[in-house]
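Each remark here refers to the structure printed beneath this line.
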Protein chains: 2
Amino acid sequence: MGRWKPNAPGRLATAALELYSERGFEQTTVAEIAKRAGLTERTFFRHYADKREVLFAGAPAMRELFVQAVSDAPRSAAPVDLLVAGFDAVSEMFADRREAARQRQSVITANAHLQERELIKLAKLSAALAEALRRRGVAEPTATLTAEAGVVVFKVGFARWIAPGEEREMAQLLRETLGELKALWPRAASERM
Amino acid sequence: MGRWKPNAPGRLATAALELYSERGFEQTTVAEIAKRAGLTERTFFRHYADKREVLFAGAPAMRELFVQAVSDAPRSAAPVDLLVAGFDAVSEMFADRREAARQRQSVITANAHLQERELIKLAKLSAALAEALRRRGVAEPTATLTAEAGVVVFKVGFARWIAPGEEREMAQLLRETLGELKALWPRAASERM
DNA sequence: CTACGTGATGACAGTCGATGACGTCAGGTG
DNA sequence: CACCTGACGTCATCGACTGTCATCACGTAG
């Protein structure tokens, strides 16, 4: 057995989610999180850049998965189809984590500082998506707008997926949401221009 | 003459923008800002909730202007037309502040914490827009998606407006960007479904 | 078997953002 | 004149975050 209990980052993340959930983000000190994980405050900051980051450690992996799916899609795919490829990949990753996602999101929703961090995460996703689209030859401004639209659809669709009582698959909800975004421009309006 | 020099919030905002611009956001302490404005650190926090907020004091006014324009648009307007009404109102407000916007944005772009706050402001704008749309009778999910799409267009169009050398009007750039978002779904693809 | 390097953690001091409690004074009010 | 109020200063404190050095189980070279 090692000198220390294993998986310090994981223990810190678990302790943080519990405490944020029990008594709120602001009312939780880093010292308390560390204590519950059997570590010191200083060690917390060795694993996570700040008190918020502990809830967002999984974001880079999701971003890379999304980007990879977009990059690997068939050559024939139109920009919007690339989003669907990304949606499907991410949906699979989340498939068996709906309850965990609900708990995590309820903590984030309860605190403005955590929402800020969440938005930064989505902005990074958008930037990475736009970059992947450009690498596939999608020109500006289409690349940026497709990426931004994709993030909007993901945001709205994800919110539906974790809504109480919702049981449909994430992939299906994201497709529906994408269709509804498209429908903002009805056929008649489109022909008027 | 009063006991204190007038316009304390304005002096603090000016001093903060200067210092953030000169030596960066993180390298500036609140005490320094207050000192340059001829005030104390404690007084800074009486006018601004935190060190970042001092750059975003104008956001609520812009949000209200946008929402008002949406609310006041003619009954016949479709959801997407309501966005255009909002864009026109906001464009007018920014008309003679392009240089100021450029300086402010360059400060924000240089620091992740300021970007977080910027995103929160846009999220609030989105929520307020969706609410205004619902009050006009726009149903969900159209209201939320229209609002989110509107914010995306504003974000991208605004970035173009402050791009170096750009001289076109904001209203025109926003209309163009909205058209490009619509064009993500080409006629052919739309009929394939 | 011993010495040494390595990596994760503890211990401790310090900076700075943020907040609460309270004192101060110019200007208005009755 | 006595009193109140609003805007600011002063002081004290908490907690997030950082820099630095010490510690020690483990692996490895000799």
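Both backbone and side-chain heavy atoms feed into the values below; hydrogens, waters and symmetry mates do not. We name chains A, B, ... by the order of the sequence lines, and we start the count at 1 in each one.
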With sequence neighbours excluded, residues passing salt bridge (charged side-chain N to carboxylate O under 4.0 Å, His left out) with B/Glu53: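 In terms of salt bridge (charged side-chain N to carboxylate O under 4.0 Å, His left out), with neighbours along the sequence ignored, B/Glu53 is linked to B/Arg117, B/Lys121.
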If we ignore angles and hydrogens, is there a donor and acceptor under 3.5 Å between the side chains of A/Glu18 and A/Thr14?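 The answer is no; no qualifying pair exists.
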[atom1] of [X] versus [atom2] of [N]: gap in Å, rounded?
X	N	atom1	atom2	answer
A/Glu53	D/dC17	CD	P	11 Å
A/Leu39	D/dC17	CG	P	17 Å
A/Ile33	D/dC17	CD1	C1'	13 Å
A/His47	D/dC17	NE2	P	16 Å
A/Lys5	D/dA25	NZ	C1'	17 Å

Reading nucleotides 16-25 of chain C 5' to 3', which nucleotides get B (base under 4.0 Å from a protein heavy atom), which S (sugar-phosphate only), which -? -SBBBB--BB
Please step through side chain to side chain contact (heavy atoms under 4.5 Å, CB included) for the pair B/Val67 and B/Arg135, ending with a clear verdict. CA-CA 11 Å; B/Val67 164; B/Arg135 277 199 307 269; 3.8 Å; yes
Does atom CD of A/Glu167 have more than 12 heavy-atom neighbours, drawn from other residues, nucleotides or ligands, at distances under 6.0 Å?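 Check fails, neighbour count at 12 or below.
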More than 12 foreign heavy atoms under 6.0 Å from CD of B/Glu169: is that the case here?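 Atom CD in B/Glu169 is not crowded, with 12 or fewer foreign heavy atoms closer than 6.0 Å.
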So, B/Glu131 and B/Arg134, do they make that salt bridge, N to O below 4.0 Å?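 Result for this pair is yes, salt bridge flagged.
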